[in-house]
Amino acid sequence: MLVQNLAPGAAARLGLSYEALSATDPRLIVCDISGYGDDPRHPGPYRDKKAYDLLIQSEAGLVSVTGT
């Protein structure tokens, strides 16, 4: 099993995409985590941006509650 939350496109550049890895082991489970979504059928305006915890908290307004 591989779980990754690299920047969008980084896993593929490193040869860690499902397509590349499943050629070696078809039973492999790959989980790609994306902060803003990665579905090409429903591309959002932030799809290619990195999603850091503090950035997401700021955008959601949580920093006003938790502090800087």
Side-chain angles (χ1 to χ4, degrees):
M1 175 183 273
L2 171 69
V3 178
Q4 67 85 9
N5 68 339
L6 298 169
R13 287 192 304 273
L14 293 170
L16 298 174
S17 67
Y18 172 76
E19 292 76 21
L21 295 173
S22 66
T24 304
D25 185 355
R27 298 179 307 150
L28 181 68
I29 297 170
V30 177
C31 178
D32 298 324
I33 300 171
S34 169
Y36 295 107
D38 192 22
D39 189 343
R41 297 170 296 172
H42 306 286
Y46 300 127
R47 178 179 174 214
D48 296 325
K49 292 188 177 252
K50 296 177 183 176
Y52 298 111
D53 180 55
L54 186 56
L55 177 65
I56 300 299
Q57 287 186 41
S58 299
E59 291 175 345
L62 290 174
V63 173
S64 65
V65 177
T66 62
T68 56

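Being a predicted model, the structure only gives us computed values, none of them experimental. Worth knowing before you read on, the calculation uses all heavy atoms, side chains too, and leaves out hydrogens, waters and symmetry mates.
Taking both residues in full, the closest heavy atoms of Ala20 and Gly15 are given as CB-O, 3.7 Å, listed atom of the first, atom of the second, then distance. Of all heavy-atom pairs between Gly35 and Ala51, the closest is CA-CB, 3.5 Å. When every heavy atom of Arg13 is checked against every heavy atom of Pro8, the shortest pair comes out as NH1-O, 4.0 Å. In this structure, Tyr36 and Glu59 approach most closely via the heavy-atom pair OH-OE1, 2.6 Å.
Atoms OG and CG, from Ser34 and Leu6 in turn, are 11.5 Å apart once rounded to the nearest 0.5 Å. Between Leu21 atom CG and Ile29 atom CD1 the span is 13.0 Å, to the nearest 0.5 Å. The line from CG of Asp32 to CG of Leu2 is 7.5 Å long, rounded to the nearest 0.5 Å.
Counting non-hydrogen atoms of neighbouring residues, nucleotides and ligands closer than 6.0 angstrom, the OH atom of Tyr18 reaches no more than 12 such neighbours.
In the hydrophobic clustering of ILVMFWY residues, with side-chain heavy atoms under 4.5 Å counting as a link, Ile33 and Ile56 come out apart. One hydrophobic cluster holds both Leu16 and Leu28 under the rule that ILVMFWY side chains link at heavy-atom gaps under 4.5 Å.
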